[in-house]
Protein chains: 2
Amino acid sequence: MILNVDLTSDTPIYQQLRDRIVEAIAEGVLTEGSLLPATRALAADFGINFHTVNKAYDLLRQQGLIRLNRGTGAVVTLTVADPPFRADWTARARTLLAEAAAKGLPPEEVLATCRSMLDSFGANQPKDTP
Amino acid sequence: MILNVDLTSDTPIYQQLRDRIVEAIAEGVLTEGSLLPATRALAADFGINFHTVNKAYDLLRQQGLIRLNRGTGAVVTLTVADPPFRADWTARARTLLAEAAAKGLPPEEVLATCRSMLDSFGANQPKDTP
DNA sequence: TGCTTGTTCTATAACTTATAGAGCAGGAAG
DNA sequence: CTTCCTGCTCTATAAGTTATAGAACAAGCA
C-alpha cells in the first residue's frame, strides 16, 4: 500500500494519513480484515512521530473504519453508516458542491466527475473480480 | 440573508462564515454585485470580533468570490474556476466521496444526493426567473 | 520469557484561533 | 473640507491545535 503524504502541506499530517487510508478502503485496496502497518513502523516509514500516526488511527477508529488490537495491530472493520454520519456527510457535501457551483462549474460536469470517481471506487470492490 | 453559524462548533467561526457565504452564492441568494454586510456590522450581529469576519472575507477574496473596497464594502464578484482550483476541488471531492464509499453508502444514493443539491442550487439562478 | 503491539502519561515548541484596542487610508456624502 | 463609514494594518494576549520527544504500562502471541 502506498500512502501519499505531503509533509510540507498546510493540512495536518494525521488528517492526510486518515484521508489516504479512507481512500484506500474506498478503492478496495484495503478490505474488511486487512491489516494496517503498526503505528511505529508507519511513523518510521514517513520519518514522523508515532503519536501522529496514532492520532490518524484513532480518528479512523472513531469513525468505525478500523479496530485497534494490542499485539495484533490495526484491522479494517467496516460498520454501517448511521444517521448522524449521513447528516454530517451531507452537510459537508453541500458546502463542497456549493463551492463548485459558486465558481461556475457546470452541474453536469460536477456530477460527471463525481460519477467517474465513484465508478473507479466500485471497479475493484470485494464482490467478485472476474 | 441569514447565516447560520454555530459558535460552539469545533470548526473555526471564520470557516463557517466562509462556507455559509459560499452556499448563499451557490443558492443564488447572493448574486454578482450583491453587497455583503460590513465586517464590523456582521461581527456585532454574531457577537464576535470583527477580525474573525475579516479573516472570512479575506478567504473569499483569495478565492475570487468577492471584492473588497474601502468605503463601499464587500461585493460579490464571480471569477472563472482556474485549473489549480479545479485540481484542488477534485482532490477534496475524491476524499469526501471515498468517505461515503468506505462507509458503504450506495453510489447511486450518493449521486442522487449530489444531483438534488446541485438542482436546488440551480433552481433560483441569475438566468431568468419566470 | 521475550517480542510486538496499542495505550497512556508528561513535556515542549511552533502554529492557529479568537479576542482586544489603537490607529491608518480610501471612498462617499454633508 | 470635514465627517463618517469602510477596509486594512499593527501589536498583544489567551486558549487551543499540531507535532515532536521520551518513558512507561498492558494486552496478545510465540
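Letters A, B, ... mirror the listed sequences (proteins, then strands); counts begin at 1.
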Q: Rounded to whole Å, how long is the line connecting atom CG of B/L7 with atom P of C/dT17?
A: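 From B/L7 CG to C/dT17 P: 16 Å.
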Q: Does a donor on one side chain sit under 3.5 Å from an acceptor on the other, for B/T95 and A/E23?
A: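 The answer is yes; a qualifying pair exists.
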Q: Mind calculating the distance between CG (A/N49) and P (C/dA11) to the nearest angstrom?
A: 17 Å
Q: For the side chain of A/L68, starting at C-beta, report the closest nucleotide among D/dG7, D/dA19, C/dG6.
A: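 Looking only at heavy atoms from C-beta outward on A/L68, the closest nucleotide is C/dG6.
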Q: Quick one: A/R61 CZ to C/dT7 P, roughly how many Å, whole number?
A: 7 Å
Q: Taking atom CG as the centre, does B/N4 end up with more than 12 heavy-atom neighbours from other residues, nucleotides or ligands that are less than 6.0 angstrom away?
A: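 Not more than 12 within 6.0 Å, no.
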Q: B/D10 has an atom CG; how far is it from atom P of D/dT18, in whole Å?
A: 10 Å
Q: How does protein contact run along nucleotides 22-30 of chain C, one letter per nucleotide 5' to 3', with B for base contact, S for sugar-phosphate only, - for none, heavy atoms under 4.0 Å?
A: BB-BBS---
Q: Can a salt bridge be assigned to the pair A/R18 and B/E99 using a cut-off of 4.0 Å between side-chain N and carboxylate O?
A: yes
Q: Counting N and O atoms only, with roles assigned by atom type, does the side chain of B/D82 sit under 3.5 Å from a partner on the main chain of B/P84, one being a donor and the other an acceptor?
A: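 Checked: no pair found.
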Q: Grab the NZ-C1' distance between B/K55 and D/dC8 for me, whole Å please.
A: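 Between C1' of D/dC8 and NZ of B/K55: 16 Å.
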Q: From the set C/dT8, D/dT6, C/dT17, return the single nucleotide nearest to any side-chain atom of B/A38.
A: D/dT6
Q: Could you tell me which non-hydrogen atom of A/Q16 sits nearest to which non-hydrogen atom of A/T11, and how far apart they are?
A: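 Scanning both residues completely, I find the closest heavy atoms to be NE2-O, 2.8 Å.
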Q: Taking all non-hydrogen atoms of both residues into account, name the closest pair between A/L105 and B/R86 and its distance.
A: CD2-NH1, 3.4 Å
Q: With nearest nucleotide decided by heavy atoms, which residue, A/I13 or A/N69, maps closer to the 5′ end of DNA chain D?
A: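 Closer to the 5' end of DNA chain D: A/I13.
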Q: Using a strict 4.0 Å threshold on nitrogen-to-oxygen distance, state whether B/R92 and B/D88 make a salt bridge.
A: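 Here B/R92 pairs with B/D88 in a salt bridge, since their nearest N and O are under 4.0 Å apart.
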Q: In whole angstrom, give the distance that lies between atom CD1 of B/I48 and atom C1' of C/dA20.
A: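 To the nearest whole Å, that distance equals 14 Å.
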Q: Could you check which of D/dT18, C/dT17, C/dG6 has an atom nearest any side-chain atom of B/Y14?
A: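 The listed nucleotide nearest to B/Y14's side chain is C/dT17.
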Q: I want to check one thing: is the phosphate of D/dA19, taken as OP1 and OP2, less than 4.0 Å away from some side-chain N or O of A/T52?
A: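 Answer no for this pair, as no side-chain N or O of A/T52 is under 4.0 Å from OP1 or OP2.
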Q: Could you give the CG-to-C1' distance, from B/D58 to C/dT17, as a whole number of Å?
A: 15 Å
Q: Please report, rounded to the nearest Å, how far the P atom of D/dT17 is from the CG atom of A/N54.
A: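 Atom-to-atom, A/N54 to D/dT17, this comes out as 17 Å.
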